[in-house]
Amino acid sequence: MLLEVRDLHVEFRTRDGVAKAVNGVTYSVDAGETLAVLGESGSGKSVTAQAVMGILDTPPGKITGGEILFQGKDLLTFKEEERRKVRGARMAMIFQDALSSLNPVLSVGDQLGEMFTVHRGLSRKDARAKAIELMDRVRIPAAAQRVRDYPHQFSGGMRQRIMIAMALALEPALIIADEPTTALDVTVQAQVMDLLAELRRELDMGLILITHDLGVVADVADRIAVMYAGRIVESAPVHDIYKAPAHPYTKGLLESIPRLDQKGRELYAIKGLPPNLMNIPPGCAFNPRCPMARDICRTDVPPLYEVDSEDGVRTSACHFWRETLDA
Ligand SMILES: Nc1ncnc2c1ncn2[C@@H]1O[C@H](COP(=O)(O)OP(=O)(O)OP(=O)(O)O)[C@@H](O)[C@H]1O
Ligand code: SF4
Ligand SMILES: [Mg+2]
């Protein structure tokens, strides 16, 4: 397994109290596999990713438990120096906002080239050639001319491609893309997503794709992990989830996708709000919003139940997963 996150816990200690952002996340990604991580705002998707990358805002953030096994070694036992070597070279992250992630006063060619001069000891000339090659690879037209341009001279979609090029530069084994297309318009979103999927295949990388958008996931992901209040509540091969969700929260998310074939149908949104992370409800954290909640849900935290699947490992953190599946 390329990456295995086991029972990860992350807290934020602030003046107002302790926010339990990640409460026992377990997920894994293999080489050549795409894992989509879904969930509402504040469910801990980005914080988990930051912990994996080693870029958690510490303090106030603190990892209070768990393991992050990458290529068989627990990154949480690494010194910062070793961690830095892994970052960029063996795992890389793509963020939503390319403009603020790129350096505005360096040409994109210089920024891409720097990856090779700093990490690979190439000459400036060779690094420039590599930069152009990368820009070609992410299909930026006229790369050889545009290599001298600055980030603001590119469109949003093209900038996102440059971000992808930066992430790919050292051919990492794992890429984490955190809402990589949210800031783009719909057609450009699809193009960038297709490009990511294609490069992932070509380079046999593992890809973790964090998104709100269940619509894009069906085409590109192999597995889905659904997060709620800092836990994975359902994890399954993508086909299983679309056929029949085994957790009421996943079911709610799926029913929130606007369907072109059902025009005029009222958009189902999960009622209520995500919990306050300083005061997560006892029992199942989803119980105040769950249409299926019963007494046991208010007292007993559901374990990760194993759910039958034809395609691979499937789990649900719902006492009534079987009923949900059959509903
Ligand atoms: N720097 C920080 N300081 C304090 N609390 C933080 C910080 N970053 C995250 N948190 C807490 O962790 C929670 C989870 O944040 P996270 O960014 O992982 O959510 P997310 O699932 O990525 O949401 P979104 O879809 O909006 O990006 C937040 O709601 C917040 O309570
Ligand atoms: S455990 Fe209970 S409250 Fe939680 S999702 Fe299942 S039915 Fe709903
Ligand atoms: Mg986020």
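We number each residue from 1, following the sequence as shown. When a ligand or atom number is given, it counts from 1 through the structure's own listing order.
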Practice problem: Could you verify whether a donor N or O on one side chain and an acceptor N or O on the other, from S235 and R314, lie under 3.5 Å apart? | Solution: no

Between the main-chain N or O of [Y] and the side-chain N or O of [X], is there a donor-acceptor pair closer than 3.5 Å?
X    : Y    : answer
Q189 : T181 : yes
T77  : L75  : no
T26  : D7   : yes

Check each atom of ligand 2 against the heavy atoms of [X] and keep those under 4.0 Å away; list them by number with element.
X    : value
C297 : 1 (S), 2 (Fe), 3 (S), 7 (S)
F320 : 7 (S)
H319 : 1 (S), 6 (Fe)
C318 : 1 (S), 5 (S), 6 (Fe), 7 (S)

salt_bridge([X], [Y]) N-O dist < 4.0 Å:
X    : Y    : result
E202 : R137 : yes
E198 : R201 : no
K73  : E67  : no

Self-check item: N23 CG to I232 CD1 distance, which is reported to the nearest 0.5 Å
Solution: 11.5 Å

Quiz item: Rounded to the nearest 0.5 Å, what separation is found between the CE atom of M292 and the CG atom of N287?
Solution: 13.0 Å

Exercise. Please name the pair of heavy atoms, one in P180 and one in L196, separated by the smallest distance, quoted to 0.1 Å.
Key: CG-CD1, 4.2 Å

For [atom], find the nearest protein heavy atom and state the residue, atom name and distance (0.1 Å precision).
atom                    : value
atom 17 (O) of ligand 1 : S46 CB, 3.6 Å
atom 23 (O) of ligand 1 : G42 N, 2.8 Å
atom 28 (C) of ligand 1 : L277 CD1, 4.1 Å
atom 25 (O) of ligand 1 : K45 NZ, 2.8 Å
atom 4 (Fe) of ligand 2 : C284 SG, 2.3 Å
atom 1 (N) of ligand 1  : D57 OD2, 3.2 Å

Relative to the heavy atoms of [X], which atoms of ligand 1 are at a distance of less than 4.0 Å?
X    : value
P60  : 3 (N)
E40  : 21 (O)
V47  : 9 (C), 12 (O), 15 (O), 16 (P), 18 (O)
E179 : 25 (O)
G44  : 14 (C), 18 (O), 19 (O), 20 (P), 21 (O)

Quiz item: Strictly under 4.0 Å, does any heavy atom of Q50 approach an atom of ligand 1?
Solution: no

Quiz item: With a 4.0 Å cut-off on heavy atoms, does G39 reach ligand 1?
Solution: no

Below the 3.5 angstrom mark, is there an N/O of [X], backbone or side chain, next to an N/O of ligand 1?
X   : value
F12 : no
S43 : yes
A21 : no
T14 : no

Quiz item: Is there a side-chain contact between E40 and Y228 (heavy atoms, below 4.5 Å)?
Solution: yes

Practice problem: Measure the acute angle between the ring planes of H247 and Y249, then classify it against the limits of 30° and 60° as parallel, tilted or perpendicular. | Solution: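 It falls in the perpendicular class, over 60°.
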
Quiz item: Do L106 and L122 sit in the same hydrophobic cluster, where Ile, Leu, Val, Met, Phe, Trp and Tyr count as joined when their side-chain heavy atoms come under 4.5 Å apart?
Solution: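 Different clusters: L106 never reaches L122 through Ile, Leu, Val, Met, Phe, Trp or Tyr contacts under 4.5 Å.
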
Quiz item: Does R294 make a cation-pi contact with F320 (under 6.0 Å, within 45 degrees of the axis)?
Solution: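 So R294 does make the cation-pi contact.
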
Exercise. Measure M227 to ligand 1 on non-hydrogen atoms and call it side chain, backbone, both or neither using the 4.0 Å cut-off.
Key: neither

Exercise. Could you tell me whether S41 approaches ligand 1 through its side chain, its backbone, both or neither, with non-hydrogen atoms closer than 4.0 Å?
Key: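 Both backbone and side chain of S41 come within 4.0 Å of ligand 1.
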
Quiz item: ligand 2 versus C290, non-hydrogen atoms closer than 4.0 Å: side chain, backbone, both, neither?
Solution: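 Contact part for C290 vs ligand 2: side chain (C-beta onward).
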
Self-check item: Residue portion contacting ligand 2 (non-hydrogen atoms closer than 4.0 Å) for H247
Solution: side chain

Practice problem: Could you walk me through whether E306 and T315 pass side chain to side chain donor-acceptor pair (under 3.5 Å), step by step? | Solution: CA-CA 5 Å; E306 218 167 285; T315 55; over 6 Å; no

